[in-house]
Amino acid sequence: MTPIDRPRPAPRRSALYLPASNAKALAKARTLPCDVVILDLEDAVAPEAKEEARAAAIAAIAEGGFGRREVAIRVNGLDTEWGAADLEAVAASKADAILVPKVNSPQDIDRLQAALAGAHEAMQLWAMIETCASVFALEPIAAKARSTRLSLWIMGLNDLAKEMRAQSVPERTPFLPFLSMAVAAARAHDVTVLDGVCNEFRDLAVFEAEARQGLLFGFDGKSLIHPAQIDPCNTVFSPSAVDVEWANAVIAAFALPENQGKGAIKVDGKMTELLHLEQARQLVAVSEQILRQAQDDRA
Ligand code: COA
Ligand code: MG
């Protein structure tokens, strides 16, 4: 199968975190238009609420009601007092994915893979990329996707900033090399890669600028902390009408009898190659999937 024939994963434009200990947010998440819901047991949950949050997350998965949304549980690190119990509970659940914080190395992925031996077959392993050590192991970590459950990364810039002692500015200057290296490593091994959160949840102009920056870097979507961020995020990470028009023009041009067997042709006055045809087909496939999803959501 060529990459284009392979079934594409559902779009992951918007991945909303919520503290699993927050019952109201949990109920609300089932009705929100995000593509992914992340039930957090880690940073968003205070130490005294960890056990309760774990139980609530497991109960929510058992209860279901999330429809088309993929649901992940973010566990505490394995080096914390809650990590082992979190992992055991999630591995026995029907969650779509387990999201593990502070992954540093390919060996970490091997250990997690072994710990998930008894999990249901489709359970994916998702990794937070958020430590200084991971910056120097991006490619070997991504390469583990070829032989393990690893399928998706989420950037964690709040933790990275803390560890680097870098300052968080709207332009995200200190993190730009890291962001582009992470996207390249993920792409090299077909790993889905989501941008970090924007803490500024009351200012949607700031959010949208950051989401557009993420799109520019090549991210598949963005992780979110508040429902208000979902719609702008979905808009930014959905193919635009102009993109779809371009893609259809490219597909139509390559289908013309006079262009059969050609590697490079002219479309709208621009040089267009077979690689653009592949991009165009992918774009149309994603756009159709998003349309179908929106129809299902309305039904
Ligand atoms: N998921 C689902 N629902 C959420 C939500 C989330 N992440 N954040 C807020 N809501 C709900 C609230 O429960 C509230 O519901 P209601 O209208 O039924 O009362 C509504 O959205 C509006 O919330 P609002 O009052 O604007 O926010 P808040 O002040 O209650 O909460 C935060 C602000 C930041 C504490 C909250 O958004 C949050 O906990 N976000 C996630 C944090 C997290 O998981 N961090 C870890 C990853 S970095
Ligand atoms: Mg963190």
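All values derive from a computational prediction rather than experimental measurement. In each ligand, atom 1 is the first atom listed, and ligand 1 is the first ligand listed.
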Colleague: Looking at the Mg ion (ligand 2), which N/O/S atom of Asp43 is the nearest one?
Modeller: OD2
Colleague: Taking NZ, NE, NH1 and NH2 as the nitrogens, is one of them in Lys102 or Glu42 under 4.0 Å from a carboxylate oxygen of the other?
Modeller: yes
Colleague: Is there a donor-acceptor pair closer than 3.5 Å between any side-chain N or O of Arg149 and the backbone N or O of Ala122?
Modeller: no
Colleague: Please output the residues near ligand 1 using a strict heavy-atom distance under 4.0 Å, listed in chain and residue-number order.
Modeller: Leu16, Tyr17, Leu18, Pro19, Lys24, Ala25, Lys28, Asp40, Ala44, Arg74, Phe201, Arg202, Ile225, His226, Pro227
Colleague: Take Thr192 and Trp153 through the test side-chain hydrogen bond (donor to acceptor under 3.5 Å, both in side chains) and record every step on the way to the result.
Modeller: CA-CA 6 Å; Thr192 297; Trp153 281 357; over 6 Å; no
Colleague: Scan side-chain atoms only and decide if Asn104 and Thr131 contain a donor-acceptor pair under the 3.5 Å cut-off.
Modeller: yes
Colleague: Applying the salt bridge (Lys or Arg N to Asp or Glu O under 4.0 Å) criterion to Asp35, which one of Arg13, Lys222, Arg12, Arg69 satisfies it?
Modeller: Arg13
Colleague: In terms of side-chain geometry, is the basic nitrogen of Glu278 or Arg281 positioned less than 4.0 Å from the acidic oxygen of its partner?
Modeller: no
Colleague: Taking the inter-plane angle between the rings of Phe201 and His226 on a 0 to 90° scale, is it parallel (under 30°), tilted (30 to 60°) or perpendicular (over 60°)?
Modeller: parallel
Colleague: Relative to the Mg ion (ligand 2), which of the N, O or S atoms in Asp159 is the closest?
Modeller: OD2
